[in-house]
Amino acid sequence: MKKIISGNEAIALSFGDSGGVFASGYPGTPSTETLEEVARLGVVYCEWAPNEKVALESAIGASIAGGRTLATMKHVGVNVAADALLTLNHTGVNAGLILMVADDPGMHSSQNEQDSRNYAKFAKIPMLDPANSQESYDFVRDGFEISEQFDTPVMLRTTTRISHAKGVVIQKEKIAQKIGPWVKDVPKYVMLPNYGKIKHVEIEARLLKLQEFAETTPLNRIEMGDKALGIITSGVAYQHVKEAYPNASILKLGLVHPLPERKIRAFAGMVERLMIVEELDAIFEEQIRAMGIRVDIGKDKIPLCGEVNADIIRAAAGDPPGAVTAPIAALPQRPPIFCPGCAHRGLFTILSKLKVFVSGDIGCYTLGALPPMSAMHSTICMGASISAAHGMAKVNEIAGRKEKPVAVIGDSTFFHSGMTGLLSLAYNKGNALVIIMDNRTTGMTGGQENPGSGLDLQGQMSQQVDIVALVKVLGIENVAELNAYNLEETEAAIKKGLETPGPYVLVDKNPCILRYRIRNPVFSVDLEKCTGCRACLKAACVSLGLKPAVDGKRQKVQIDPNICDGCGVCGQLCKFDAIAVAR
Amino acid sequence: MDIFNIVITGVGGQGVLLASKVLAESALASGMDVKQNEVHGMAQRGGSVISFVRIGTEVFSPVVIPGTADILISFEPLEALRYVHYLKPGGMLVYNKVTINPSTVATGSAVYPADVEEQIEHACPGARGIDALAIAKEAGNAKAVNMVMVGAVMKKLPINADVVEGVVRTVSKEKGIDVNLRALNGGAVA
């Protein structure tokens, strides 16, 4: 039966159809829906891990125990899991293991646009790069076969336009789960130096065998067309190439590491001009040039940054674009902002007012860095808020500065890698105020369960961690609760945290209004009392707006009842009692 | 057939993604190849959203390039103006006239263009604006704006309207079917 599904859904479907036994991952756009779909399909056991390293390590264990396994994460998640990955390449697998990594060229929802193909090269393991939903489905099955045949983990790399693009998929015949033996094999799974040395030699030998495989596998196919232009490409870039030059000759790589040198050389010899179209880094181009093959068009013409499209490819080949239209200039921008009703609004209204240095983290609350709040001053990676604040405080102490930094982190990010930073803050006698916004969900990625929500990936009851108790046991003595909807209380609590020497933790337990569908009575503006002072606009809420001016007087504020969620933050900012619950 | 390009724009939370799904499923049910793509992640947080649906005998890229869209459906006037350059010459624009302030306007740092409808007409003569919110409320649910907007273009698609209705039935929750069908048909006659 034909279905129209996304790349992520196709990977999940194929995992169930290809004898999968265990899946683990951590949410991260654009990878998140893969594991959610495995759970929805209900065929294979799956779980959210607290971070990507735990997910991959659990997947390794599942493979050692004999089950085909899948780990899912976004590109930056592989950085967290890299410690496991760079030894997993030595041990190899028992049952097949696929690490699905979703890259984000164009940074639609990420802090960087690192190219995960570098990891395949780095770890010397095979990587598959599907070009649509059907290939996403097919490559899971191929990936398991390669993994088991060559005793290696396999990386399955998608990009945003593969993970989130929907296309037609035809399902294959289902392969039944079969679980292999759980065998003790010290030289294979214990990477002491003497065993590691043997394994390194094996890695190099395996790579040569994979190169031979790459030459003959149908995963890498030549589509001969017009010989004037030959294009080597992979992934979604292949689709853009087909748009730009439907009749060109194409070498489409499905297995993007290691590369098939003889096939590339033969292809290059058949075409007049050789072009390489790859998003982000010049991974193919550098290797192909190192083979001594002439490349006529490559990264000199195709940007290293962002996504490619048919127009960019045509321009690189010296042809005019298909259509020339320009956007209308000078329109008001519409950046994302805290949802109406979100508890983060109250917190950042106060942090902005107090003008403290906020060491931020990854989550919805990162939006606190944008105007008009502008109340986040560093955001590096998952968990960095607390550890970076600790470093700042130490230098401040040495410099004799009085200011205490504030770290802001969400519940899921705290479990991911904030806990270790807090342990360091306590252990190393640090001096930072840490605010944990525990909204009981992994919000930015769409509301996934986590150890604080009390539910597992299937939505079943599970062990719920008590953040306050956890903070105390890590060695923090000063812990208090916070209600960010109450501005006065919030300001007082933050001031106390800043004035008290040493580590201080505030925990806000207001749940995510989006995830838990919380609707409060809406507010409205009493136009008799509103002076048009705009103090309420500091709440940065899209339900607020200015009414057209009447008789040249100051514009007054109005609240859109279709959008307001009744949090009341704007009302607390009003000095004239003009904002109240609508009657 | 040539590729038929649809671009759908709006504000996070308005249901652009479900409207895209209805159009894509309808194309598939009509025996055509289809690719649908949008960028989500931060989409629910009030940001600008753009989604593509491409229909044809064989569709390659999931992305619509500016200047090539046959139809632009916009759930909000400012978002119509922001993406009007995606239309090909002679392409059709249908938009919801109900405005939603961007955060830049809500904080007073930018002004919502008062002449947004005139600007749309200037950029795309013959553009059709409808009050999708009123039609959705009339149908029984303010959130059915997305179905109203699909209904508004239904007869201009290379897809039979009956197929679209059938897909709306299957993607709707049991108790929402009647409301969604009323919204769809309300949009069709608007």
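Letters go in sequence order (proteins before strands), and every chain restarts at 1. Just so it is clear, the values below take in all heavy atoms, side chains as well, and ignore hydrogens, waters and symmetry mates. Being a predicted model, the structure only gives us computed values, none of them experimental.
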Trainee: Using the test side-chain contact (heavy atoms from CB on, under 4.5 Å), find all partners of A:V522 that sit at least two apart in sequence or belong to another chain.
Mentor: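 Residues passing side-chain contact (heavy atoms from CB on, under 4.5 Å) with A:V522: A:P561, A:C564, A:A582.
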Trainee: With a 4.5 angstrom heavy-atom cut-off, could you sort out which part of A:A540 is near chain B: side chain, backbone, both or neither?
Mentor: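 Both backbone and side chain of A:A540 come within 4.5 Å of chain B.
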Trainee: Can you say whether A:K3 sits under 4.5 Å from chain B via the side chain, the backbone, both, or neither, judging by heavy atoms?
Mentor: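 A:K3 touches chain B through backbone heavy atoms alone.
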Trainee: Heavy-atom pairs under 4.5 Å with chain B are the metric here; pick the option from A:P332, A:A539, A:C536 that has the most.
Mentor: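 That would be A:P332.
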Trainee: Taking side chain as everything from C-beta outward and backbone as N, CA, C, O, which of these in B:L133 sits under 4.5 Å from a heavy atom of chain A? Side chain, backbone, both or neither.
Mentor: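 The answer is the side chain of B:L133.
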Trainee: In terms of heavy-atom proximity below 4.5 Å to chain A, should B:K137 be classed as side chain, backbone, both, or neither?
Mentor: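 Only the side chain of B:K137 comes within 4.5 Å of chain A.
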Trainee: Whether B:R54 and A:E243 form a salt bridge (side-chain N of Lys/Arg under 4.0 Å from carboxylate O of Asp/Glu) is what I want to check.
Mentor: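 Salt bridge flag = yes for B:R54 with A:E243.
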Trainee: For chain B, which candidate among A:V236, A:V557, A:D311, A:L331 shows the most heavy-atom pairs at distances under 4.5 Å?
Mentor: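 Between A:V236, A:V557, A:D311, A:L331, the count favours A:L331.
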Trainee: Chain A heavy atoms under 4.5 Å from B:A114: which part of the residue, side chain, backbone, both or neither?
Mentor: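 Contact with chain A: none, neither part.
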Trainee: Measure A:I563 against the heavy atoms of chain B and call it side chain, backbone, both or neither at under 4.5 Å.
Mentor: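 Side chain of A:I563 only, per the 4.5 Å heavy-atom cut-off to chain B.
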Trainee: Would you name the heavy atoms of B:L78 and B:V116 that are closest together and state the gap between them?
Mentor: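 Looking at all heavy atoms of both residues, the shortest contact is N-CG2, 4.1 Å.
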Trainee: Any idea which of A:R534, A:H240, A:Q333 has the most non-hydrogen atom pairs under 4.5 angstrom with chain B?
Mentor: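 Maximum pair count with chain B is reached by A:Q333.
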Trainee: Below 30° counts as parallel, above 60° as perpendicular, anything between as tilted: where do the rings of B:Y83 and B:H85 land?
Mentor: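 Ring orientation, 0 to 90° scale: parallel.
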Trainee: I'd like to know if A:D104 and A:K74 make a salt bridge, using a cut-off of under 4.0 Å between side-chain N and carboxylate O.
Mentor: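 Not counted as a salt bridge, because no side-chain N and carboxylate O are separated by less than 4.0 Å.
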Trainee: Among A:L546, A:N132, A:L370, A:N562, which residue forms the greatest number of heavy-atom pairs with chain B at distances under 4.5 Å?
Mentor: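 Most heavy-atom pairs within the cutoff with chain B belong to A:N562.
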Trainee: Could you tell me which portion of B:S109 (side chain, backbone, both or neither) has an atom closer than 4.5 angstrom to a non-hydrogen atom of chain A?
Mentor: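 Contact with chain A is absent: no heavy atom of B:S109 under 4.5 Å.
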